[in-house]
Amino acid sequence: MVHVAVVGTGRVGQGVAYTLIFERYVEKLTLVDIKPKVAEMVKEELYHGLSAHGYDIEIEAFEHSKYIENADLIVISAGFPRKPGMTRRDLADENAKIIKDIVTSTLDNNPKAWYFVITNPVDAMATLAYKLAERKRTVIGTGTNLETARFRTILSRALKVPMRMVEGFVGGEHGLAAVPLWSTVKIDGTPLEEYLKENKKEINKEEVVNYVKGISMEVIKALGGTRWGPAGSFIEIIRGIVLNTGKFLSYAIPRKFDNIDEPVHVTVPARLTRSLGPDIWNQLTKDEQEKIKEAAYAIYQTYSRAKNVVEK
Ligand code: NAD
């Protein structure tokens, strides 16, 4: 039986939970939200959504994560989201306290659980969760998988080709120090520069990057927050973890760099299996590798601040 818990059933957690009920490997779903009645009413809604599909999932709802027991995967989507004008890094201090509460209250009752962190600033929060779990649990962050989805969306639109023909990844930090990995872009199997020459097409790379880095704030301004992009992007990672799919994805796991004291969660696209890898580091250009190292350093700074907050 696969038991997934989703902690924080706000906008993003609800999207993820709704996606999970259609993943046939999920037999039990535990929902948690600290706001009274929220998880319970999401549970009711999910049962209504399921009713037409003719299969059963056990769904439980609680108002604290300490009640989660024997989950295989704990998805953490609890915490404050950005408001217009904020960066994800601005959320670190407040969300660090939430991460601490959730990780420390679930470790004992969920001895086999892997953690999947969504809460922003996600790379620093995943690094913090890993540290709070004494680096004894597998903790994966959503990394730049959402940027990768946005990268492919805009490439497909700009080049007027179907999405299924577009390959390409973003790495680094989710947010300001995201690194579009142009060397990984292929259109229908042909490297981008070759494809452009052969098809006499051009692409404005600056506009692509601006879309990848800026579209989420446009969504926040118009809709209050993102929901379906995260839900679609994160289910790919959850499938990778649970089903060992072996797909190359932009998820974040801890990496140690020479100039940084502790391992930090930063994204280098990698196969997602239970053994977490291999990654494509050696296929990246020197410049891309340097930019990922810079992103890792920025993540370390945010993480260090957040760690100080929870250690006070
Ligand atoms: P939201 O405000 O709609 O929902 C957050 C929920 O968390 C609320 O319902 C709140 O009651 C709950 N919560 C707070 N503390 C809790 C705790 N200790 N235990 C259980 N529940 C708790 O926010 P949202 O739009 O769903 O965003 C959630 C988080 O996801 C934010 O930090 C946001 O920035 C982040 N996010 C990350 C990505 C990514 O790519 N990693 C993408 C989108 C959003």
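Since this is a predicted model, take the numbers as computed values, not measurements. Computed over heavy atoms, backbone and side chain alike; hydrogens, waters and symmetry mates excluded.
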Peer 1: With a 3.5 Å distance limit and no angle check, can you tell me whether Arg152 reaches the backbone of Gly168 through a side-chain donor-acceptor pair?
Peer 2: yes

Peer 1: Honestly, is Arg137 close enough over Tyr130, meaning NZ or CZ under 6.0 Å from the six-membered ring centre and within 45° of the axis?
Peer 2: no

Peer 1: Test Asn110 against every option in Thr30, Ile68, Leu73 by the side chain to side chain contact (heavy atoms under 4.5 Å, CB included) rule and name the one that passes.
Peer 2: Ile68

Peer 1: Roughly how far, to the nearest 0.5 Å, is the OG1 atom of Thr267 from the CD1 atom of Ile292?
Peer 2: 8.0 Å

Peer 1: In plain terms, say whether Lys293 and Glu290 are close enough for a salt bridge, that is, a side-chain N and a carboxylate O under 4.0 Å apart.
Peer 2: yes

Peer 1: In Å, rounded to the nearest 0.5 Å, how long is the span from CG of Leu159 to CG of Asn199?
Peer 2: 9.0 Å

Peer 1: Say whether Thr144 and Tyr251, considering side chains only, have a donor N or O and an acceptor N or O under 3.5 Å apart.
Peer 2: no

Peer 1: Report the C-alpha separation of Arg305 and Asp93 in whole Å, then their side-chain angles, then the decisive distance to 0.1 Å, and conclude whether the salt bridge (charged side-chain N to carboxylate O under 4.0 Å, His left out) test is met.
Peer 2: CA-CA 7 Å; Arg305 228 181 54 220; Asp93 292 13; 3.5 Å; yes

Peer 1: I'd like to know if the side chain of Glu288 and the backbone of Thr285 have a donor-acceptor N/O pair within less than 3.5 Å.
Peer 2: yes

Peer 1: For the pair Tyr300 and Tyr303, name the ring-plane relationship: parallel under 30°, tilted 30 to 60°, perpendicular over 60°.
Peer 2: tilted

Peer 1: Donor-acceptor pair, distance only, cut-off 3.5 Å: does the side chain of Lys256 make one with the backbone of Ile260?
Peer 2: yes

Peer 1: Are Lys37 and Glu44 ion-paired here, with the side-chain N under 4.0 Å from a carboxylate O?
Peer 2: no

Peer 1: To the closest 0.5 Å, what do you measure between NZ (Lys286) and OG (Ser183)?
Peer 2: 11.5 Å

Peer 1: Should the pair Lys291-Asp287 be classified as a salt bridge under the 4.0 Å nitrogen-to-oxygen rule?
Peer 2: yes

Peer 1: Are Ile237 and Val12 joined in one hydrophobic group, where the rule is that I, L, V, M, F, W and Y side chains link up if heavy atoms are under 4.5 Å apart?
Peer 2: yes

Peer 1: Give me the ring orientation class for Tyr18 and Phe22: parallel if the planes are under 30° apart, tilted from 30 to 60°, perpendicular past 60°.
Peer 2: perpendicular

Peer 1: Please step through side-chain hydrogen bond (donor to acceptor under 3.5 Å, both in side chains) for the pair Asn145 and His174, ending with a clear verdict.
Peer 2: CA-CA 8 Å; Asn145 211 51; His174 174 50; over 6 Å; no

Peer 1: More than 12 heavy atoms of other residues, nucleotides or ligands under 6.0 Å from CD of Glu311: is that the case?
Peer 2: yes

Peer 1: Would you say Met217 and Leu146 are hydrophobically clustered, going by side-chain heavy atoms of ILVMFWY under 4.5 Å?
Peer 2: no

Peer 1: Mark yes or no for whether Lys213, through its side chain, and Leu176, through its backbone, hold a donor-acceptor pair below 3.5 Å.
Peer 2: yes

Peer 1: Do Ile98 and Met86 land in one hydrophobic cluster if side-chain heavy atoms of ILVMFWY residues count as linked below 4.5 Å?
Peer 2: yes

Peer 1: Surrounding NZ of Lys205 (heavy atoms of other residues, nucleotides or ligands, distance under 6.0 Å), is the total greater than 12?
Peer 2: yes

Peer 1: Out of Ile118, Ile99, Val122, which residue meets the side chain to side chain contact (heavy atoms under 4.5 Å, CB included) rule with Ile76?
Peer 2: Ile99

Peer 1: To the closest 0.5 Å, what do you measure between CD (Glu218) and OH (Tyr211)?
Peer 2: 10.5 Å

Peer 1: Could you state the interatomic distance from CG (Leu272) to CG (Asn244), rounded to the nearest 0.5 Å?
Peer 2: 8.0 Å

Peer 1: Strictly distance-based, threshold 3.5 Å: is any side-chain N or O of Gln14 a donor or acceptor partner for the main-chain N or O of Val42?
Peer 2: no

Peer 1: Identify whether Val103 and Ile253 are in the same connected component of the hydrophobic contact network (ILVMFWY, side-chain heavy atoms under 4.5 Å).
Peer 2: no

Peer 1: Please indicate whether Lys247 has more than 12 foreign heavy atoms, meaning atoms of other residues, nucleotides or ligands, lying under 6.0 Å from its NZ.
Peer 2: no

Peer 1: Salt bridge between Lys43 and Glu40, side-chain N to carboxylate O under 4.0 Å?
Peer 2: no

Peer 1: Any carboxylate oxygen within less than 4.0 angstrom of a Lys/Arg side-chain nitrogen, looking at Glu69 and Lys28?
Peer 2: no

Peer 1: If hydrophobic clusters are built from ILVMFWY residues whose side chains come within less than 4.5 Å, do Val310 and Ile74 share one?
Peer 2: yes

Peer 1: Test your reading of the model: is there a side-chain donor-acceptor pair from His3 to the backbone of Glu27, 3.5 Å cut-off?
Peer 2: no

Peer 1: Go through the steps to decide whether Leu46 and Leu31 satisfy the test side chain to side chain contact (heavy atoms under 4.5 Å, CB included), and finish with yes or no.
Peer 2: CA-CA 11 Å; Leu46 292 182; Leu31 308 173; 4.0 Å; yes

Peer 1: Could you check Glu147 against Ser250 for side-chain hydrogen bond (donor to acceptor under 3.5 Å, both in side chains), going step by step and ending with a plain yes or no?
Peer 2: CA-CA 9 Å; Glu147 273 97 343; Ser250 296; over 6 Å; no

Peer 1: Between Glu198 and Thr190, does any side-chain donor sit less than 3.5 Å from a side-chain acceptor?
Peer 2: no

Peer 1: Apply side chain to side chain contact (heavy atoms under 4.5 Å, CB included) to the pair Thr104 and Lys66, showing each step before the final yes or no.
Peer 2: CA-CA 9 Å; Thr104 54; Lys66 68 186 174 194; over 6 Å; no

Peer 1: Taking the side chain from Ser77 and the backbone from Gly8, do they hold a donor-acceptor pair closer than 3.5 Å?
Peer 2: yes

Peer 1: Between Asn95 and Asn120, is there a donor-acceptor pair closer than 3.5 Å when you use the side chain of the first and the backbone of the second?
Peer 2: yes

Peer 1: Quick check for you: to the nearest 0.5 Å, what is the distance between Ile140 atom CD1 and Phe116 atom CZ?
Peer 2: 7.5 Å

Peer 1: Count the heavy atoms of every other residue, nucleotide or ligand shown that sit under 6.0 Å from OH of Tyr67, and state whether that count exceeds 12.
Peer 2: no

Peer 1: Do Asp90 and Arg82 sit within salt-bridge range, that is, some charged N less than 4.0 Å from a carboxylate O?
Peer 2: no

Peer 1: Does NZ or CZ of Arg255 come closer than 6.0 Å to the centre of the six-membered ring of Trp281, within 45° of the ring's axis?
Peer 2: no

Peer 1: Is there a side-chain hydrogen bond (donor to acceptor under 3.5 Å, both in side chains) between Lys186 and Tyr195? Walk through the geometry before answering.
Peer 2: CA-CA 8 Å; Lys186 289 184 181 153; Tyr195 170 85; over 6 Å; no

Peer 1: May I ask you to decide if Val170's main-chain N or O and Thr148's side chain share a donor-acceptor pair within less than 3.5 Å?
Peer 2: yes

Peer 1: Would you confirm whether Ser105, through its side chain, and Ile102, through its main-chain N or O, come within 3.5 Å as a donor-acceptor pair?
Peer 2: yes

Peer 1: Can you tell me if Tyr297 has over 12 outside heavy atoms packed within less than 6.0 Å of its OH?
Peer 2: no

